[in-house]
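Since the structure comes first, as structure tokens, the remarks are kept for the end.
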Amino acid sequence: MAIGYACLVLGVSGTQMKSCLLKEACEEKLMDITHRNLVALDRIIDYNIHNNIRLFRISSDLVPFGSSPINHTEWWKHFDGLLKAIGRKIKDSGMRVSMHPGQYTVLNAEKPDVVARAVADLAYHARVLDSLCLDATHKIVLHIGGAYQDKEAAMDRFAENWRRLDENIKRRLIIENDDKLFNIRDVYDLGTRLNIPVVFDNLHHEVNPCDGERDEFVWIERCRSTWREQDGRQKIHYSQQAKQKKKGYHSDTIEIDRFMAFYKALNRDDIDIMLEVKDKNLSCVKCINCTAGDLNFDVLEMEWDRYKFSILERAPVLYDEIDRMIGERAGLTPPDFYKLIQRGLESKGDIESHTEAVLMVWDCINREATEKEWQAFHKRLERFRQQQTGLGAVKGFLRKLAEKYALEHLLNSYYFFL
DNA sequence: CACCGTCAAGTCGCA
DNA sequence: TGCGACTTGACGGTG
């Protein structure tokens with residue numbers, strides 16, 4: 001069983017995907033961005049390995065305009081060594097990766113040119129995974145596409161276009177229920193008809209349920225049979241509805257009690273769960289820690305080290321409480337710990353608590369800083385306290401110093417982006 | 001540094 | 001018939 005997250009890591013420098021505008025795309029720029037993105041991917045994989053994360057979705061932005069005729073760089077040849085090295089790390093660590101083309105990749109479109117572009121896009125995604133030398137358990141997840149006022153005909157068109165795909169795309173392609181048109185029954189029917197594994201997405205199912213059977217676990221069990229030996233473990237998508245947002249909107253973070261209830265009811269150790277949530281790796285680490293049977297308390301201590309500045313910034317009283325509990329090393333289960341963290345993050349704090357956190361971070365920098373930096377810091381802090389600048393300006397300054405002096409402890413914390 | 005409009009792509013629904 | 005939402009982050013220009 002693995003729990004994963006999609007596309008980007010929060011709080012790890014050098015892991016962001018770069019993009020460029022179409023009008024500025026030239027060979028040199030495309031190659032440069034592709035190279036930087038591959039280096040970023042390599043760092044993400046390292047991060048995943050170090051944090052015991054064994055499921056990850058690679059961003060489609062890896063190669064800018066990767067499926068557009070604008071990009072005629074042969075990136076897979078040029079970066080062959082780097083790609084193979086990354087793929088090697090993925091395999092050696094037992095990680096499983098996937099990709100997920102977006103809403104513009106419509107295999108069942110009525111217009112032949114739209115279909116042609118969708119095929120080209122799938123070929124691009126398959127080429128990424130092929131270039132990493134990964135087997136067919138590393139999948140490409142796709143939605144069925146448009147309905148065009150006739151779902152049956154639209155599904156038939158999907159089937160027809162699917163049959164014409166190259167085998168190396170077909171062996172990776174899996175399909176998922178969406179939040180508007182094709183519910184889990186539609187996708188399951190199509191999946192069984194074509195022998196394509198089906199990904200069940202719980203939030204899409206909630207927003208776009210099918211007739212008849214509604215129970216999500218029944219559907220997960222049904223979808224299980226669409227996964228063959230060569231496809232690897234069954235995979236599902238899990239997300240929670242953001243409160244006070246439109247239906248289907250992903251929450252900022254995973255509410256741990258609800259996840260644990262789902263996880264226990266699911267009761268499967270042969271399934272992969274891809275989380276779709278705004279805080280990405282943060283919720284992923286949280287869910288992994290809460291489901292690990294033999295969690296070392298050191299892991300919670302590590303997490304506290306990453307969260308503590310953000311908690312002090314917002315809720316100093318709670319900070320003391322959690323810090324004491326962590327110090328005592330007892331009576332704190334991972335879900336309880338994360339619930340306290342969540343409560344802290346939901347607070348706003350005030351200028352005093354903001355200052356307290358700033359000073360605590362400064363304390364980590366102080367011994368490295370020059371006299372000039374000391375002065376610059378206190379000048380900024382004073383301006384913040386007079387409300388002449390925002391907290392962001394002070395934190396930005398601290399971040400730069402943390403980077404300058406390579407203070408890993410601060411750079412690995414969540415302080416600068418939570 | 002903060003803010004905001006814009007960006008490759010397709011479909012659907014509403015005015 | 002045409003335009004905004006979808007969903008989302010990053011870029012690039014401006015203040």
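All values derive from a computational prediction rather than experimental measurement. Chain A is the first sequence line, chain B the second, and so forth, proteins listed ahead of strands; every chain is numbered from 1.
Residue whose closest nucleotide on DNA chain C sits further toward the 5' end, between A:Tyr249 and A:Lys29: A:Tyr249.
For DNA chain B, none of the residues of residues 172-185 of chain A falls under the heavy-atom distance limit of 4.0 Å.
When rounded to the nearest whole Å, the span between CG of A:Leu10 and C1' of C:dG9 equals 12 Å. Rounded to an integer number of Å, the gap from CD of A:Glu110 to P of B:dT11 is 8 Å. Look at CG on A:Asp279: it is 13 Å from P on C:dT8, rounded to the nearest Å. Between the CD1 atom of A:Ile33 and the P atom of C:dA10 there is a distance of 13 Å, given to the nearest Å. Summarising the geometry, the separation between CZ on A:Phe397 and P on B:dC1 is reported as 11 Å, rounded to the nearest angstrom. Across the protein-nucleic acid pair, A:Lys395 atom NZ and B:dA2 atom C1' stand 15 Å apart, rounded to whole Å. Here C:dT7 presents its C1' atom at 11 Å from NZ of A:Lys280, a figure rounded to the nearest Å. If you take NE2 of A:His250 and C1' of C:dC6, they are 12 Å apart, rounded to a whole angstrom.
Rounded to the nearest Å, the gap between the P atom of B:dG5 and that of C:dG4 is 13 Å. Rounded to whole Å, the P atom of B:dT6 lies 14 Å from the corresponding atom of C:dC3. Annotation: B:dT11 and C:dG9 have their P atoms spaced 24 Å apart (nearest Å). Nucleotides C:dA10 and B:dG10, compared at atom P, are 23 Å apart to the nearest Å.
Where pairing requires Watson-Crick or G-U contacts shorter than 3.5 Å, the helical stems of DNA chain C with at least three consecutive pairs are B:1-7 with C:9-15, B:10-15 with C:1-6.
Not counting sequence neighbours, the partners of A:Asp92 by the side-chain hydrogen bond (donor to acceptor under 3.5 Å, both in side chains) test are A:Arg88. Every residue meeting the side-chain hydrogen bond (donor to acceptor under 3.5 Å, both in side chains) condition with A:Gln234, not counting sequence neighbours, appears here in chain and number order: A:Arg268. A:Asp323 pairs by the salt bridge (charged side-chain N to carboxylate O under 4.0 Å, His left out) definition with nothing, not counting sequence neighbours. Residues satisfying the side-chain hydrogen bond (donor to acceptor under 3.5 Å, both in side chains) criterion with A:Asn51, sequence neighbours excluded, are A:Arg306. Applying the ring pair (Phe, Tyr, Trp, His ring centres under 6.0 Å) criterion to A:Phe200, with sequence neighbours excluded, gives A:His205.
For the pair A:Arg228 and A:Asp231, the salt-bridge criterion is met [side-chain N within less than 4.0 Å of a carboxylate O]. A salt bridge links A:Asp80 with A:Lys84: the distance from a Lys NZ or Arg NE/NH1/NH2 to an Asp or Glu carboxylate oxygen falls below 4.0 Å.
A:Trp219 places a side-chain N or O within 3.5 Å of a backbone atom of A:Glu213 that can act as its donor or acceptor partner. For the pair A:Trp227 (side chain) and A:Ile196 (backbone), a donor-acceptor distance under 3.5 Å is absent. No donor-acceptor pair closer than 3.5 Å links the side chain of A:His78 to the backbone N or O of A:Glu74.
The salt bridge (charged side-chain N to carboxylate O under 4.0 Å, His left out) pairs that include a residue from residues 375-387 of chain A are A:Glu352-A:Arg385, where partners are two or more places apart or lie in different chains.
Note on A:His143: every side-chain N or O is 4.0 Å or more away from OP1 and OP2 of B:dT11.
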Nucleotide N/O of nucleotides 13-15 of chain C paired with protein N/O under 3.5 Å:
none

Under-3.5 Å N/O pairs linking protein and nucleotides 7-10 of chain B:
from, atom 1, to, atom 2, distance (Å)
B:dA8, OP1, A:Leu22, N, 2.5
B:dG10, OP1, A:Arg117, NE, 3.3
B:dG10, OP1, A:Arg117, NH2, 2.7
B:dG10, O6, A:Tyr104, OH, 3.3

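You'll find the side chain of A:Ile256 stays beyond 4.5 Å of the side chain of A:Gln342, heavy atoms only.
For the residue pair A:Ser19 / A:Asp61, no side-chain donor-acceptor distance below 3.5 Å is found, with atom types taken as modelled.
Contact annotation for A:Lys151: no contact, since no heavy-atom pair falls under 4.0 Å across all strands.
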Donor-acceptor contacts under 3.5 Å from residues 359-370 of chain A side chains, at least two apart:
from, atom 1, to, atom 2, distance (Å)
A:Thr370, OG1, A:Glu373, N, 3.2
A:Thr370, OG1, A:Glu373, OE1, 3.4

Residues 97-125 of chain A side chain polar contacts: donor-acceptor under 3.5 Å, at least two apart:
from, atom 1, to, atom 2, distance (Å)
A:Ser98, OG, A:Lys235, NZ, 3.0
A:His100, ND1, A:Val141, O, 2.8
A:His100, NE2, A:Glu176, OE1, 3.3
A:Thr105, OG1, A:Asp121, OD2, 2.6
A:Asn108, OD1, A:Gly146, N, 3.1
A:Asn108, ND2, A:Gly146, O, 2.8
A:Asn108, ND2, A:Ala154, O, 3.3
A:Asp113, OD2, A:Arg117, NH2, 3.4
A:Asp121, OD1, A:Ser67, OG, 2.8
A:Tyr124, OH, A:Ser60, O, 2.8
A:Tyr124, OH, A:Val63, N, 3.2
A:His125, ND1, A:Asp121, O, 2.8
A:His125, NE2, A:Ser60, OG, 2.8

